[in-house]
Amino acid sequence: QSVLTQPPSASGTPGQRVTISCSGSSSNIGSNTVTWYQHLPGTAPKLLIQSDTYRPSGVPDRFSGSKSGTSASLAISGVQPEDEADYYCAAWDDSPFGVVFGGGTRLTVL
Amino acid sequence: VQLVESGGALVKPGGSLRLSCAASGFTFSDYYMNWIRQAPGKGLEWIAYISKSGNTIYYSDSVKGRFTVSRDNSQNVLFLQMNSLRADDTAVFYCARVYGYKEIDFWGQGTLVTVSS
(Lines give C-alpha, C1' and ligand atoms only; values in the text may rest on other atoms or scores of the structure.)
Protein backbone atom coordinates (compact mmCIF):
# COMPACT_ATOMS: atom_id res chain seq x y z
CA GLN A 1 0.00 0.00 0.00
CA SER A 2 1.44 3.34 -1.06
CA VAL A 3 1.33 6.28 1.35
CA LEU A 4 0.09 8.61 -1.39
CA THR A 5 -3.05 7.60 -3.24
CA GLN A 6 -3.32 7.83 -7.02
CA PRO A 7 -5.85 6.28 -9.40
CA PRO A 8 -4.29 3.21 -11.04
CA SER A 9 -5.28 4.29 -14.53
CA ALA A 10 -6.31 7.27 -16.61
CA SER A 11 -7.04 7.71 -20.29
CA GLY A 12 -7.79 10.29 -22.90
CA THR A 13 -7.87 10.88 -26.63
CA PRO A 14 -5.25 13.09 -28.29
CA GLY A 15 -5.93 16.74 -27.52
CA GLN A 16 -8.03 16.06 -24.44
CA ARG A 17 -7.26 17.36 -20.97
CA VAL A 18 -6.38 14.65 -18.48
CA THR A 19 -5.90 15.06 -14.74
CA ILE A 20 -4.29 12.70 -12.25
CA SER A 21 -4.92 13.13 -8.54
CA CYS A 22 -2.66 12.43 -5.60
CA SER A 23 -3.95 12.32 -2.05
CA GLY A 24 -1.83 12.34 1.09
CA SER A 25 -1.85 13.60 4.65
CA SER A 26 -0.70 16.45 6.85
CA SER A 27 2.75 14.90 7.36
CA ASN A 28 3.58 14.72 3.65
CA ILE A 29 1.61 16.74 1.07
CA GLY A 30 0.13 18.95 3.77
CA SER A 31 3.53 20.19 4.92
CA ASN A 32 5.93 19.54 2.03
CA THR A 33 6.07 20.14 -1.68
CA VAL A 34 4.93 17.65 -4.31
CA THR A 35 6.87 16.37 -7.29
CA TRP A 36 5.57 14.49 -10.33
CA TYR A 37 7.47 12.01 -12.49
CA GLN A 38 6.90 10.39 -15.85
CA HIS A 39 8.21 6.84 -16.14
CA LEU A 40 8.52 4.73 -19.26
CA PRO A 41 9.47 1.07 -18.77
CA GLY A 42 13.21 0.49 -18.87
CA THR A 43 14.09 4.16 -18.56
CA ALA A 44 14.93 6.60 -15.79
CA PRO A 45 11.94 8.39 -14.30
CA LYS A 46 11.77 11.98 -15.51
CA LEU A 47 10.90 14.98 -13.36
CA LEU A 48 7.83 16.80 -14.69
CA ILE A 49 6.80 19.09 -11.84
CA GLN A 50 8.64 20.16 -8.69
CA SER A 51 7.72 22.41 -5.79
CA ASP A 52 4.02 21.69 -6.43
CA THR A 53 3.68 23.77 -9.58
CA TYR A 54 7.11 24.47 -11.08
CA ARG A 55 7.85 22.98 -14.49
CA PRO A 56 11.60 22.43 -15.11
CA SER A 57 13.17 23.59 -18.32
CA GLY A 58 12.46 21.21 -21.19
CA VAL A 59 9.14 19.92 -19.87
CA PRO A 60 6.33 20.74 -22.31
CA ASP A 61 3.98 23.44 -21.06
CA ARG A 62 0.97 21.14 -21.46
CA PHE A 63 2.01 19.64 -18.11
CA SER A 64 0.96 21.56 -14.99
CA GLY A 65 0.71 20.87 -11.28
CA SER A 66 -1.49 22.15 -8.50
CA LYS A 67 -1.95 21.52 -4.79
CA SER A 68 -4.59 22.22 -2.18
CA GLY A 69 -4.27 21.06 1.41
CA THR A 70 -3.30 17.41 1.42
CA SER A 71 -4.06 16.74 -2.25
CA ALA A 72 -2.28 17.50 -5.49
CA SER A 73 -3.03 17.10 -9.18
CA LEU A 74 -1.15 16.77 -12.43
CA ALA A 75 -2.92 18.07 -15.51
CA ILE A 76 -2.03 17.38 -19.11
CA SER A 77 -3.81 19.80 -21.39
CA GLY A 78 -3.86 18.45 -24.90
CA VAL A 79 -2.57 14.93 -24.23
CA GLN A 80 -0.30 13.47 -26.93
CA PRO A 81 0.37 9.83 -27.88
CA GLU A 82 3.94 10.18 -26.56
CA ASP A 83 2.52 10.98 -23.11
CA GLU A 84 1.48 7.35 -22.66
CA ALA A 85 3.47 6.33 -19.57
CA ASP A 86 3.27 5.78 -15.83
CA TYR A 87 2.99 8.90 -13.66
CA TYR A 88 4.01 9.10 -10.01
CA CYS A 89 3.55 11.76 -7.36
CA ALA A 90 5.97 12.05 -4.46
CA ALA A 91 6.55 14.13 -1.36
CA TRP A 92 8.77 14.20 1.69
CA ASP A 93 7.14 12.77 4.79
CA ASP A 94 7.96 14.20 8.22
CA SER A 95 6.77 11.15 10.13
CA PRO A 96 8.71 8.99 9.68
CA PHE A 97 11.33 10.86 7.68
CA GLY A 98 11.58 9.78 4.08
CA VAL A 99 10.20 10.12 0.58
CA VAL A 100 6.76 8.71 -0.10
CA PHE A 101 5.36 7.89 -3.52
CA GLY A 102 1.94 7.34 -4.97
CA GLY A 103 1.22 3.94 -6.42
CA GLY A 104 1.45 5.29 -9.95
CA THR A 105 -1.12 6.03 -12.65
CA ARG A 106 -0.86 4.40 -16.06
CA LEU A 107 -1.96 6.85 -18.71
CA THR A 108 -3.37 5.42 -21.92
CA VAL A 109 -3.82 7.66 -24.93
CA LEU A 110 -6.66 6.16 -26.93
CA VAL B 1 24.20 15.32 -15.28
CA GLN B 2 24.65 11.57 -15.23
CA LEU B 3 23.99 8.87 -12.67
CA VAL B 4 25.07 5.34 -13.59
CA GLU B 5 24.17 2.44 -11.32
CA SER B 6 26.05 -0.83 -11.36
CA GLY B 7 26.40 -4.01 -9.34
CA GLY B 8 23.03 -5.57 -9.96
CA ALA B 9 23.07 -9.36 -10.22
CA LEU B 10 21.33 -12.64 -9.48
CA VAL B 11 21.89 -13.55 -5.84
CA LYS B 12 20.57 -16.31 -3.59
CA PRO B 13 18.27 -15.58 -0.63
CA GLY B 14 20.34 -14.62 2.39
CA GLY B 15 23.14 -13.34 0.20
CA SER B 16 24.74 -9.90 -0.08
CA LEU B 17 25.32 -7.41 -2.85
CA ARG B 18 26.83 -3.94 -3.14
CA LEU B 19 25.41 -1.45 -5.61
CA SER B 20 27.28 1.60 -6.84
CA CYS B 21 26.10 4.81 -8.45
CA ALA B 22 28.69 6.88 -10.28
CA ALA B 23 27.81 10.55 -10.52
CA SER B 24 29.12 13.02 -13.08
CA GLY B 25 28.23 16.40 -14.56
CA PHE B 26 27.56 18.06 -11.21
CA THR B 27 29.26 18.64 -7.87
CA PHE B 28 28.32 15.39 -6.13
CA SER B 29 29.27 16.59 -2.66
CA ASP B 30 26.71 19.43 -2.90
CA TYR B 31 23.72 17.07 -3.14
CA TYR B 32 21.74 14.78 -0.91
CA MET B 33 21.06 11.40 -2.56
CA ASN B 34 18.47 8.63 -2.45
CA TRP B 35 18.06 4.99 -3.40
CA ILE B 36 14.66 3.98 -4.76
CA ARG B 37 13.54 0.62 -6.09
CA GLN B 38 10.79 -0.79 -8.27
CA ALA B 39 9.77 -4.41 -7.91
CA PRO B 40 8.39 -6.16 -11.01
CA GLY B 41 4.89 -4.90 -11.75
CA LYS B 42 4.93 -2.57 -8.75
CA GLY B 43 5.37 1.14 -8.12
CA LEU B 44 8.35 3.13 -6.92
CA GLU B 45 9.51 2.57 -3.35
CA TRP B 46 11.95 4.87 -1.54
CA ILE B 47 14.49 2.94 0.53
CA ALA B 48 17.35 5.19 1.64
CA TYR B 49 18.45 8.82 1.95
CA ILE B 50 21.87 10.23 2.72
CA SER B 51 22.94 13.80 3.37
CA LYS B 52 25.76 15.60 1.57
CA SER B 53 28.33 14.66 4.19
CA GLY B 54 26.83 11.27 4.98
CA ASN B 55 26.09 12.29 8.56
CA THR B 56 22.31 12.05 8.19
CA ILE B 57 20.79 8.81 6.89
CA TYR B 58 17.24 7.51 6.80
CA TYR B 59 15.91 4.12 5.73
CA SER B 60 12.51 2.69 4.98
CA ASP B 61 11.27 0.11 7.43
CA SER B 62 11.47 -2.56 4.72
CA VAL B 63 15.29 -2.39 4.55
CA LYS B 64 16.31 -0.98 7.94
CA GLY B 65 18.93 -3.17 9.58
CA ARG B 66 19.74 -5.00 6.33
CA PHE B 67 20.82 -2.26 3.91
CA THR B 68 23.47 0.41 4.41
CA VAL B 69 23.84 3.53 2.29
CA SER B 70 27.15 5.37 2.08
CA ARG B 71 28.99 7.73 -0.21
CA ASP B 72 32.52 8.63 -1.28
CA ASN B 73 32.55 12.29 -2.21
CA SER B 74 36.20 12.09 -3.29
CA GLN B 75 35.23 9.53 -5.96
CA ASN B 76 31.70 10.83 -6.67
CA VAL B 77 30.11 7.50 -5.87
CA LEU B 78 27.03 6.46 -3.90
CA PHE B 79 26.80 2.95 -2.49
CA LEU B 80 24.12 0.59 -1.22
CA GLN B 81 25.29 -2.44 0.73
CA MET B 82 22.51 -5.03 0.82
CA ASN B 83 22.66 -7.95 3.25
CA SER B 84 20.24 -10.74 4.14
CA LEU B 85 18.56 -10.39 0.76
CA ARG B 86 15.09 -11.83 0.33
CA ALA B 87 13.00 -12.71 -2.72
CA ASP B 88 10.90 -9.60 -2.20
CA ASP B 89 14.01 -7.44 -2.62
CA THR B 90 13.96 -8.33 -6.32
CA ALA B 91 13.71 -5.00 -8.10
CA VAL B 92 15.33 -2.40 -10.30
CA PHE B 93 17.31 -0.13 -8.01
CA TYR B 94 17.68 3.54 -8.88
CA CYS B 95 19.93 6.18 -7.41
CA ALA B 96 18.48 9.67 -7.46
CA ARG B 97 19.72 13.17 -6.78
CA VAL B 98 17.93 15.48 -4.38
CA TYR B 99 17.14 19.12 -5.14
CA GLY B 100 17.40 21.12 -1.94
CA TYR B 101 17.10 18.42 0.66
CA LYS B 102 13.71 16.87 -0.05
CA GLU B 103 12.81 16.76 -3.76
CA ILE B 104 14.28 14.24 -6.21
CA ASP B 105 15.19 15.94 -9.47
CA PHE B 106 17.30 13.44 -11.39
CA TRP B 107 17.42 9.64 -11.64
CA GLY B 108 19.79 7.04 -12.96
CA GLN B 109 18.72 4.29 -15.38
CA GLY B 110 18.68 1.64 -12.68
CA THR B 111 20.29 -1.74 -12.07
CA LEU B 112 18.43 -5.02 -11.69
CA VAL B 113 18.77 -7.12 -8.56
CA THR B 114 17.22 -10.58 -8.65
CA VAL B 115 17.04 -12.65 -5.47
CA SER B 116 16.28 -16.25 -6.26
CA SER B 117 17.55 -19.72 -5.48
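Only this structure's heavy atoms are used, side chains among them; waters, hydrogens and symmetry mates stay out. Throughout, protein chains are lettered first and strands after them, A, B, ... in sequence-line order, and every chain is numbered starting at 1.
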Could you tell me which of [options] has the largest number of non-hydrogen atom pairs under 4.5 Å with chain A?
options: B:D105, B:I104, B:L112; result: B:I104
options: B:F106, B:Y94, B:W107; result: B:W107
options: B:Y49, B:Y58, B:Y101, B:Y59; result: B:Y58

Chain A contact via B:D61 - which portion, at a heavy-atom distance below 4.5 Å: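 Looking at B:D61, nothing touches chain A.
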Spatial distance of atom CG (A:L74) from atom NZ (A:K67) [nearest 0.5 Å]: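 It comes to 15.0 Å.
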Residues of residues 15-39 of chain A with any heavy atom under 4.5 Å of a heavy atom in chain B: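 So far as heavy atoms go, A:N32, A:T33, A:V34, A:T35, A:Y37, A:H39 are the residues that approach chain B to under 4.5 Å.
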Contact class of A:D93 relative to chain B, heavy atoms under 4.5 angstrom: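 Contact with chain B: none, neither part.
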Region of A:F97 in contact with chain B, defined by heavy-atom distances below 4.5 Å: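 Looking at A:F97, backbone and side chain both touch chain B.
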Where A:V99 and A:W92 come nearest, the two heavy atoms and their spacing: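 So the two residues come closest at CG2-CE3, 3.9 Å.
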Taking every non-hydrogen atom, the tightest pair across B:L3 and B:A96: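 That closest heavy-atom pairing would be CD1-CA, 4.1 Å.
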Charged tip of B:R97 within 45° of B:F26 ring normal and under 6.0 Å: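 Cation-pi check for B:R97 and B:F26: passes.
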Aromatic B:F79 / basic B:R71 pairing, under 6.0 angstrom, 45° off normal: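 Here B:R71 fails the 6.0 Å and 45° test against B:F79.
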Intermediate values then yes/no, side chain to side chain contact (heavy atoms under 4.5 Å, CB included), B:M33 and B:K52: CA-CA 8 Å; B:M33 298 293 294; B:K52 290 184 278 189; over 6 Å; no
Distance-only side-chain donor-acceptor flag, A:Y54 / B:E103, under 3.5 Å: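 Side chains of A:Y54 and B:E103: no pair found under 3.5 Å.
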Polar side chain donor-acceptor pair, B:S60 to B:S62, under 3.5 angstrom: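 Yes, because at least one side-chain N or O of B:S60 sits under 3.5 Å from a partner of the opposite role on B:S62.
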Under 3.5 Å: donor-acceptor pair, side chain of B:T90, backbone of B:T114: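 Not a single qualifying donor-acceptor pair exists.
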